[in-house]
Amino acid sequence: MSPTESSKTTPIATAPHHVAIVMDGNGRWAKQRKMPRVAGHKQGVDALRRTVRACIEREVSVLTVFAFSSENWSRPVEEVSGLMDLLAVALTREVPRLHKNGVKLHFPGERSGLSPRVVQGLQRAQETTAGNSRLTLNVCFNYGGRWDIAQAARKLVAQGREITESSLDEAMSLSHVPDPDLLIRTGGEMRISNFLLWQAAYTELFFTPCLWPNFDADELDRAIADFAGRERRFGQTPEQLARADSPSQKGKGGSSDA
Ligand code: IPE
Ligand code: IPE
Ligand code: MG
């Protein structure tokens, strides 16, 4: 498969079209203050609200955040139920404002394991905001990169379709958006933790020690400025990139609209 077929990313690193974030460090933020972990997650919701606003102001088109991983079920039961309650409360409190601000919501992730009330809330939020176009906000909840690849393959098999890179890509839970240009992980860990395994093939990575509840527009700007200095080669040489205006190179290494 040629790079043109396999990649949906932007070849030149200017402003990122799609930003993804592993929102990590809530527990440590709370621990520093001798507060329960759930208090850190509550502050995390405020940080997400700020970040959505900052992305809209910076004309980022897609924001994808990791809110609860397939593996987070193994946390203490009171933390898991605290996170479920927080999602339910956030759906009620945040969705009207997001809708007013032109945000289109998606919740990539597995529905099984979630309460019927939460599943209904996710569905309703997606439907209410489906017509918006200012910012697409993907909140990955009960999500894992491995789950996503496996569910896409299962879907194709059930439909009797061939498994190719492009058919898998279409069946994936983020098929409605191009691949992320920039992936930020807060909290200082330098790993992916089963986030967008398929979609981050050519994403630029930015790791910051900043704990998620402390994340703000300045930290986002630091990540975007760092991203702007990257050279995205998609397997090509720098010389080929310099000639990218020549007709033979047009469209190579990503979407042709860049
Ligand atoms: C990330 O913060 C939020 C979730 C995983 C739900 P953590 O809760 O992992 O915070 P740390 O890593 O323990 O500080
Ligand atoms: C990743 O953070 C998941 C989310 C931010 C939702 P974790 O805190 O769960 O990741 P690990 O366990 O440190 O790898
Ligand atoms: Mg963590």
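Remember, predicted model here, so these are calculated numbers, not experimental data. Read the numbers this way: they start at 1 and go in the same order the structure lists the ligands and their atoms.
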Please could you name the atoms of ligand 1 that R28 approaches to less than 4.0 Å, counting only its heavy atoms?
11 (P), 12 (O), 14 (O)
I want to know if ligand 1 touches A67 in the polar sense, i.e. an N/O pair below 3.5 angstrom.
no
Decide whether R185 and S193 meet the rule of one side-chain donor and one side-chain acceptor closer than 3.5 Å.
yes
Does NZ or CZ of R75 fall inside the cone over W73's six-membered ring, less than 6.0 Å from its centre and within 45° of the axis?
no
Just to confirm my output: which protein heavy-atom neighbour is closest to atom 1 (C) of ligand 1, and how far is it?
M23 O, 3.0 Å
Specify whether the nearest protein heavy atom to atom 12 (O) of ligand 2 is under 4.0 angstrom away.
no
Which protein heavy atom lies closest to atom 14 (O) of ligand 2, and at what distance to 0.1 Å?
S193 OG, 2.6 Å
Purely on distance, is any nitrogen or oxygen of W29 under 3.5 Å from one on ligand 1?
no
If you take all heavy atoms of L211 and G25, which pair is closest and at what distance?
CB-O, 3.8 Å
Take a 6.0 Å sphere around NZ of K42 and say whether it holds more than 12 heavy atoms from other residues, nucleotides or ligands.
no
Is there a side chain to side chain donor-acceptor pair (under 3.5 Å) between D169 and S166 once you walk through the steps?
CA-CA 5 Å; D169 205 52; S166 60; over 6 Å; no
For ligand 2, note which part of F68 has a heavy atom under 4.0 Å away: side chain, backbone, both or neither.
backbone
Taking distance alone, with N or O pairs closer than 3.5 Å, would you say D24 contacts ligand 2?
yes
Name the one of T136, L98, V95 that satisfies side chain to side chain contact (heavy atoms under 4.5 Å, CB included) with V103?
L98
Any donor-acceptor pair under 3.5 Å from T128 side chain to R124 backbone:
yes
Structural part of N72 in contact with ligand 1, heavy atom criterion under 4.0 angstrom
side chain
Have a look at D24 and say which of its N, O or S atoms is nearest the Mg ion (ligand 3).
OD1
Touching ligand 2 at all, R185? Heavy atoms, strictly under 4.0 Å?
yes
Near R191 (heavy-atom distance under 4.0 Å), the atoms of ligand 2 are 11 (P), 13 (O), 14 (O)
Please confirm whether E189 approaches ligand 1 to less than 4.0 Å, judged on its heavy atoms.
no
Is the Mg ion (ligand 3) less than 2.8 Å from an N/O/S atom of E189, whether that atom is in the backbone or a side chain?
no
Any Lys/Arg nitrogen of E219 or R50 sitting under 4.0 Å from an Asp/Glu carboxylate oxygen of the other?
no
Just checking, any donor-acceptor pair under 3.5 angstrom between side chains of D148 and W198?
no
Could you check atom 10 (O) of ligand 1 against the protein and tell me its nearest heavy-atom contact, residue, atom and distance included?
G27 N, 2.9 Å
Short list, please: which atoms of ligand 2 are under 4.0 Å from a heavy atom of F66?
3 (C), 4 (C), 5 (C), 6 (C)
For V22, take its heavy atoms, then give the atoms of ligand 2 lying under 4.0 Å from any of them.
1 (C), 5 (C)
Is R230 paired with D226 through a side-chain N to carboxylate O contact shorter than 4.0 Å?
yes
Does a sphere of radius 6.0 Å around CZ in R117 hold more than 12 heavy atoms from other residues, nucleotides or ligands, not counting ones at 6.0 Å or beyond?
no
Give a yes/no on ligand 1: does G187 have at least one heavy atom closer than 4.0 angstrom to it?
no
Sub-4.0 Å heavy-atom approach of R75 to ligand 2
yes
V38 reachable from W29 in the ILVMFWY side-chain graph, under 4.5 Å edges:
no
